Amino acid sequence: MKPINDRVVVKPAPAEEKTSGGIIIPDTVKEKPQRGEVIAVGPGKDGNLMTVAKGDIVLYGKYAGQEVTLNGQDYLIMREDDILVIVD
Amino acid sequence: MKPINDRVVVKPAPAEEKTSGGIIIPDTVKEKPQRGEVIAVGPGKDGNLMTVAKGDIVLYGKYAGQEVTLNGQDYLIMREDDILVIVD
Amino acid sequence: MKPINDRVVVKPAPAEEKTSGGIIIPDTVKEKPQRGEVIAVGPGKDGNLMTVAKGDIVLYGKYAGQEVTLNGQDYLIMREDDILVIVD
Amino acid sequence: MKPINDRVVVKPAPAEEKTSGGIIIPDTVKEKPQRGEVIAVGPGKDGNLMTVAKGDIVLYGKYAGQEVTLNGQDYLIMREDDILVIVD
Amino acid sequence: MKPINDRVVVKPAPAEEKTSGGIIIPDTVKEKPQRGEVIAVGPGKDGNLMTVAKGDIVLYGKYAGQEVTLNGQDYLIMREDDILVIVD
Amino acid sequence: MKPINDRVVVKPAPAEEKTSGGIIIPDTVKEKPQRGEVIAVGPGKDGNLMTVAKGDIVLYGKYAGQEVTLNGQDYLIMREDDILVIVD
Amino acid sequence: MKPINDRVVVKPAPAEEKTSGGIIIPDTVKEKPQRGEVIAVGPGKDGNLMTVAKGDIVLYGKYAGQEVTLNGQDYLIMREDDILVIVD
């Protein structure tokens, strides 16, 4: 996949099954994951270079990106500026 | 067709008739296709070159583009920035 | 008529009287035409040159432009960026 | 009157009393005139020169401009970009 | 008073007590004045020079500016671009 | 306090207890003060220098700025462009 | 954590348990803290350098930033321009 402009393809981490206190969360209240791995990075937009790189683990806002499914795997495609931090 | 500025003409792929589990989807709930083939590409806008090229298979957001019909074929005309990734 | 800035004067094509299947469409559901001929082209805006030229047949969005009547003929005046493609 | 920036003072043409078919229009449905004569032109904004000139007959959108009354005469003051075409 | 950026201090002209036909207007329907005298002019914004000068009589839109009271006198402080024309 | 970018810290003047006619205003209708003293000035934004300086008495719009409390004193932190005039 | 563009990671100060008059505030009316410590700073956006630095104590608006939890610690990730002042 080759993202357009400043877009980034992110593979979301699976939602955590437990709270930090060890309580199982029923499926309907599972929080949507906000952490993922960068899979592909666009060339940048308006001459600005990209900061994130393939393989980076990133945090992003709850409503960032558009979901696409490719070969049975769900991805989020977002603009780089929707990524908050690189967690390393 | 010669698109204006940063516009791209996309021929949407036909909606898939089955879910990945093999169940036939009745016509009314068929998901609108989000994958298509680039048919024509504009010259770019404000001096920015275009990234996609004729023949690219692309993914785009569910509500991207405007539908036009030409010679009985439906097309979507969208801005390049409405395209998410080139799938190759 | 000399359009201002990036405006283009378009003479809309008459609405088609039949569907592709040959059924006569009653007047109230006739689809507003989205195809027209470029009649006049402005000098461009902010130093950007114009792409369309007088005589081009163009497609444009359903709600593009403002209608004006001059000498009994209806025209649409739209910005060039409201034009989707040149059909040739 | 010296308009500020890219503003233009337009003297609207009187509303036409008849339709093209010769029917007298009662006062309450008279369409607001969209044609007028340029009376004064500002120096331009952000270094862009003006295209219209004093004496031009122009068409403008139905809701363009702000009405002012000076010495008993009504004028519209609009930005040049609210003018659609120069009719000559 | 030294206005900031592209702001202008205007002393509104008193509302006219009569219509042009000489009828006294009761206080509640008096039209808010749209004419005033420029009292002070800011240095301009983003390197753009100012066009209006102290002493100019200007027309401005009905809702332009913010009212302030200083030493018992009401003023309007507006951006220069809210001024429509200099009446001289 | 060091304001960020084009922000300015203002110490609002206490609301006046009387109208200019000398009538005591009950507490609930006291008008929020719109006059204050500049306490600290940011370095400017996007390379634009700041116009106001520490110690200036300024007027600002009724809803300008965000209130913060520091060491028991209330301040307003606003962008310089929210300041209307320097009163000197 | 490496913030993207002009983003800043802030560790909010714990909400104060008492008012300045020494009254214990029940949990439900505790004001959300608006003061925090800068933990990490992005490289800047569009070539603009960052003003805040790691370790700065800053004030920020009540609704600034997005909350993220990392290793059991809550952080706010905001744009630098959402920070009001550096308190030193």
Side-chain angles (χ1 to χ4, degrees), chain A residues 1-15 27 32-84 86, chain B residues 3 5-10 12-23 25 29-65 76-88:
Chain A
M1 284 194 286
K2 289 188 289 187
I4 297 296
N5 293 339
D6 58 343
R7 286 211 166 81
V8 174
V9 180
V10 173
K11 191 168 102 179
D27 210 69
K32 209 175 150 193
Q34 292 181 266
R35 176 196 284 258
E37 183 186 346
V38 174
I39 297 300
V41 177
K45 195 176 174 180
D46 300 336
N48 290 311
L49 298 178
M50 300 291 276
T51 301
V52 299
K54 198 184 159 189
D56 282 348
I57 304 299
V58 294
L59 300 186
Y60 48 88
K62 279 181 189 167
Y63 305 105
Q66 284 188 272
E67 294 180 16
V68 297
T69 304
L70 205 66
N71 304 329
Q73 170 70 50
D74 291 332
Y75 297 101
L76 278 172
I77 301 178
M78 61 187 72
R79 299 191 182 278
E80 186 185 60
D81 198 51
D82 291 328
I83 294 177
L84 301 171
I86 304 169
Chain B
N5 292 339
D6 58 343
R7 286 211 166 82
V8 174
V9 180
V10 173
E16 289 174 37
E17 302 284 318
K18 298 185 184 185
T19 64
S20 59
I23 300 161
I25 313 167
V29 300
K30 255 185 224 167
E31 200 170 47
K32 210 176 148 192
Q34 292 181 267
R35 176 197 286 258
E37 182 185 347
V38 174
I39 297 298
V41 177
K45 195 176 174 181
D46 301 335
N48 291 310
L49 297 178
M50 299 292 276
T51 301
V52 299
K54 198 184 159 190
D56 282 349
I57 304 299
V58 294
L59 300 187
Y60 48 87
K62 279 182 188 165
Y63 306 106
L76 278 172
I77 301 178
M78 60 187 72
R79 298 191 182 278
E80 186 185 61
D81 198 51
D82 291 328
I83 294 177
L84 301 172
V85 284
I86 304 168
V87 188
D88 55 355

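Numbers restart at 1 for each chain; the letters A, B, ... are given by sequence-line order, proteins then strands. Here the structure is a predicted model, which is why all the values come from computation and not from measurement.
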Self-check item: chain A interface, residue from B:Val52, B:Ile83, B:Leu59, B:Ile57 that has the most non-hydrogen pairs under 4.5 Å
Solution: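 Option with the greatest count: B:Ile83.
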Practice problem: Under 4.5 Å, counting heavy-atom pairs only, tell me which of B:Val87, B:Asn48, B:Thr51, B:Asp81 racks up the most with chain A. | Solution: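 When all of B:Val87, B:Asn48, B:Thr51, B:Asp81 are compared, B:Asp81 has the most.
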Exercise. Write down the atom of B:Lys62, the atom of A:Gln66, and the distance for their closest heavy-atom approach.
Key: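 In this case the closest contact between B:Lys62 and A:Gln66 is N-NE2, 4.1 Å.
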Quiz item: Between B:Arg35 and A:Val68, does a side chain to side chain contact (heavy atoms under 4.5 Å, CB included) hold up when you go through it step by step?
Solution: CA-CA 10 Å; B:Arg35 176 197 286 258; A:Val68 297; over 6 Å; no
Quiz item: With sequence neighbours left out, what residues match A:Asp56 under side chain to side chain donor-acceptor pair (under 3.5 Å)?
Solution: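 Partners of A:Asp56 under the side chain to side chain donor-acceptor pair (under 3.5 Å) test: none.
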Exercise. Tell me, please, which residues at least two apart from A:Asp74 pass side chain to side chain donor-acceptor pair (under 3.5 Å).
Key: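 If we apply the side chain to side chain donor-acceptor pair (under 3.5 Å) test to A:Asp74, skipping adjacent residues, the hits are A:Thr69.
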Practice problem: Please test B:Leu84 against A:Arg7 for side chain to side chain contact (heavy atoms under 4.5 Å, CB included), starting from the C-alpha separation and ending with a verdict. | Solution: CA-CA 7 Å; B:Leu84 301 172; A:Arg7 286 211 166 81; 3.5 Å; yes
